[in-house]
Amino acid sequence: MTRVLVVEDDPQLARALVINLQARKYEVDAAHDGITALQFAAEQQPDVVLLDLGLPDTDGIEVIRRLRGWSRVPVLVLSARNGSEDKVHALDVGADDYMTKPFSMDELLARLRAATRRRETVPPAPENAVVTTDDFIVDLVAKKARRGDFDVRLTPTEWHLLEILITNPGRLVSQRRLLQEVWGPSQSDKTHYLRVYMAQLRRKLEADPAHPRYLITEPGMGYRFET
Ligand code: CA
């Protein structure tokens, strides 16, 4: 059975979606804000997410960005905003499709079928929101890191870097990609930023920062997270 997570703060629309989807034999969970949506996405592992952009707590764009830190579940955005800038932004951060309200239920169902079909052809991604090593634990949903009995405080930049490396375990991530994703396209030659921030991350997470076991440098190329 296909499991759909409906993220919509308008109670009437949420109810209509739930009823229509259940009538078509979908298994449906509904969240009315962004934080609950991220929790449900991690716990229920939906096959597809229907996401409203205007939510009471976090913006839907931020929900997609955070979700994409650890999940490749298809995201179909439902929004009253119909400017193309919003669409491009939603797609850029990782949404799969976009529908402008009001929409017809038939069209929604067709797009939903297309999104779940695409998913079946994509190899499964690691859906592990919590990454555990011998020395530290990183929870990508709660954005928390612990070393032994202590919480590790990371800055947003450190998080962003760590998130990219951890979601590509064992894979070499190029300096250029890290710089572009964390600092922006115009900063792709600032490799000294990476050296500074990687040193900070190692100090905070590695047992022996001078001889890192998890956050590995590939000289002149990039970095790798080893588990
Ligand atoms: Ca809304």
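Just so you know, ligand 1 is whichever comes first in the structure, and atom 1 is the first atom listed for that ligand. Positions are given from 1 along the sequence.
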### Task
Before accepting this row, confirm whether a basic side-chain N of the pair Arg15/Glu8 lies closer than 4.0 Å to the acidic partner's carboxylate O.
no
### Task
Return the set of residues passing side-chain contact (heavy atoms from CB on, under 4.5 Å) with Ile137 (not counting sequence neighbours), or none when no residue passes.
Val130, Thr132
### Summary
Sorted by chain and residue number, the side chain to side chain donor-acceptor pair (under 3.5 Å) partners of Gln39 (sequence neighbours excluded) come out as none
### Task
For the pair Gln175 (side chain) and Leu194 (backbone), establish whether a donor and an acceptor sit closer than 3.5 Å, ignoring hydrogens and angles.
no
### Query
Number of protein N/O/S atoms less than 3.0 Å from the Ca ion (ligand 1)?
3
### Message
Take a 6.0 Å sphere around NZ of Lys144 and say whether it holds more than 12 heavy atoms from other residues, nucleotides or ligands.
### Response
no
#### Entry: ring pair (Phe, Tyr, Trp, His ring centres under 6.0 Å) partners of residues 205-227, not counting sequence neighbours, each pair once
Phe136-Tyr214
